[in-house]
Amino acid sequence: MSSASLEIGSSLDACLAQAVAADGTLADVAKVIAACAAAAIAVSEVIGRGALAGDLAAQGEQNSDGDVQKFLDVLAHERFTEALRGAPVAEVASEEAEGVMLLNAGAPLAVAIDPLDGSSNIGVNMAVGTIFGIRPTASSPENPLGSFTGPGTLQLAAGFVTYGPATSFVLTLGDGTQIYTLDREQRSFRLTHPRIEVVAAAKEYAINASNARHWDTPVKAFIEDCLRGAEGPLDKDFNMRWLGSLVADAQRVLLRGGVFLYPGDNRKGYAQGRLRLLYEAAPIAMLMEQAGAGAIDGERRILDIGATGIHERVPLIFGSMDDVACVAKYYGGRNAAAGRSPLFGQRGLMRG
Ligand code: AFP
C-alpha cells in the first residue's frame, strides 16, 4: 500500500482496504495479513498475562531445529496455522514443523513463518515476536518446495510482530514499511508509523559478542574497528545492543538505525549462522529494503538468495545502508573476486 496516503490512527483493516482499492491484486494478500493480525492479537493477550497464563516457557518436544519447543512456541504455531487455514493459503513453512504444511489446495498463496521468535526470552519477560513472508504458490509434484525456493524478491508482503511493552505489527506490501500498534481496548492495530525511513548511518551495532572468538576475519576486523571508536578508522564511537530477539533488534534498527549482525562462525552447526533464510532473514530483508536500509549475508543481497530447504540458515547483516555497506567492504577485502560491494554491484540493492 502506498504509505504516502495512509492516515495515522487508521486501523490496519482500513489501510488494507485502501491498498486493495488501489490494487485489486492485493486482495488475497490482504486477507492473509488480516488473519496474521488476528492471531497476533490472540498471542499478544496470552503473552501479556505472563506467568498468570501458566508456564509459557514450559519445555516440550524438539522442533525441526532440534531446539526444545516451549509451550508458547506450540501455542503460537497453532494459533497462526489455524488463522492461515481460514485465509487463501495453500502451504505453510513453519519453524515449528519439519515439512511444508498443506492447508487449502489450489489457494494462491504460501506463507513462511516463525510463529514465536526469541523463545529463550519468554520466561524472563523480554520481547519476543512472530515473523512471516507471503509468496505466490509455486509448488508442483515435480517441485514440492517450489513455493519457497525462489529468491526473497518473490515475496509479495512481509511482516513481523513484536510482543514488547507495546505490541507492534511491522508490515510491507512492497511500497514502504509501516508500523501499526495494538490498541488493546479496541483489539485492533492502528497505524502509528506510515512510512519508515532508516537513517543512512548510526552509531549502534548489535551482535552477540560472546561469540567473538568464533567469528571469521571480516567480522572480527569490523567489530575491532567499532571498538576503537573515534580513534579508529570508522571515526565514531559506537554503542552496542543485543536483545536476543531478532524482531526487537530489527524494530530498533528501523526506528533509530544501526547495524545488526548474526554472521556465520566456526562453532559446530553455525557455519551459516543461526537465523533462517525463509522465515527470518528474507522477511526482515524486505522490510529493511522497503525502509531504505540494507540486508546482506556479507557478500550477497539477502533478497537475491533462493533457499534449497525450508529450514536453511543464512548469515544475516542488516541495517542502515552506509553501515551495511561498510561491513560489506570488510567482506569484500576477503575475496578479491568480490572486489565491489554487493550493495552497489548490478546485483546489489541499488540496481534498477
Ligand atoms: P530463540 O528463538 O531460540 O530464542 O532464538 C532467537 C533467535 O533466533 C533470534 O531471535 C535472536 O536474534 C538470536 O536467535 C539470538 O541468538 P543467540 O542466543 O545465539 O544470541
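Along the sequence shown, residues carry numbers from 1. Because only heavy atoms are used, hydrogens play no part in the values below, and waters and symmetry mates are left out as well, while side chains stay in.
Between the side chain of Ser320 and the main chain of Gly258, a donor-acceptor pair closer than 3.5 Å is present. Thr172 places a side-chain N or O within 3.5 Å of a backbone atom of Gly174 that can act as its donor or acceptor partner. Under a 3.5 Å cut-off, the side chain of Thr130 and the backbone N or O of Leu116 do not form any donor-acceptor pair. A donor-acceptor pair is defined here as one N or O able to donate and one able to accept, closer than 3.5 Å; no such pair exists between the side chain of Thr81 and the backbone of Glu78. The closest donor-acceptor contact from the side chain of Asn104 to the backbone of Ala87 lies under 3.5 Å. A donor-acceptor contact shorter than 3.5 Å links the side chain of Arg49 to the backbone of Leu52. When atom types are taken as modelled, the side chain of Ser245 and the backbone of Ala127 share a donor-acceptor pair closer than 3.5 angstrom. For Arg267 (side chain) and Trp215 (main-chain N/O), no donor-acceptor pair under 3.5 Å exists by modelled atom type.
With Met288 as the partner, the side chain to side chain contact (heavy atoms under 4.5 Å, CB included) test is satisfied by one option alone out of Val324, Leu254, Ile302: Leu254. The only member of Leu173, Leu171, Thr177 that meets side chain to side chain contact (heavy atoms under 4.5 Å, CB included) when paired with Gln290 is Thr177.
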Before giving the answer on side-chain hydrogen bond (donor to acceptor under 3.5 Å, both in side chains), spell out for Gln186 and Ser188 the whole-Å C-alpha distance, their side-chain angles and the decisive distance to 0.1 Å. CA-CA 5 Å; Gln186 301 291 326; Ser188 76; 5.7 Å; no
From CA spacing to verdict: ring pair (Phe, Tyr, Trp, His ring centres under 6.0 Å), Trp242, Phe260: CA-CA 9 Å; Trp242 187 251; Phe260 170 103; 5.1 Å; yes
Does Arg276 form a salt bridge (Lys or Arg N to Asp or Glu O under 4.0 Å) with Asp117? I'd like the steps, not just the answer. CA-CA 11 Å; Arg276 308 293 182 162; Asp117 180 72; over 6 Å; no
Evaluate side chain to side chain contact (heavy atoms under 4.5 Å, CB included) for Leu145 paired with Val100, printing each intermediate quantity in order. CA-CA 8 Å; Leu145 295 184; Val100 172; 3.5 Å; yes
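Screening residues 182-193 for salt bridge (Lys or Arg N to Asp or Glu O under 4.0 Å), with sequence neighbours left out, gives Glu45-Arg187.
Taking the six-membered ring for Trp and the full ring otherwise, the centers of His193 and Tyr180 sit at least 6.0 Å from each other.
A salt bridge links Asp323 with Lys236: the distance from a Lys NZ or Arg NE/NH1/NH2 to an Asp or Glu carboxylate oxygen falls below 4.0 Å.
In terms of heavy atoms, Val198 sits closest to Gly257 at CG1-CA, 3.9 Å. Between His77 and Ala97, the shortest heavy-atom contact is CE1-CB, 4.2 Å.
Relative ring orientation between Phe132 and Phe169 is described as tilted, the plane-to-plane angle lying within the 30° to 60° band.
Checking Thr181 against Ser168 by side-chain atom types alone, no donor-acceptor pair falls below 3.5 Å.
Contact annotation: the side chain of Arg252 approaches that of Arg241 to within less than 4.5 Å [non-hydrogen atoms, C-beta and beyond].
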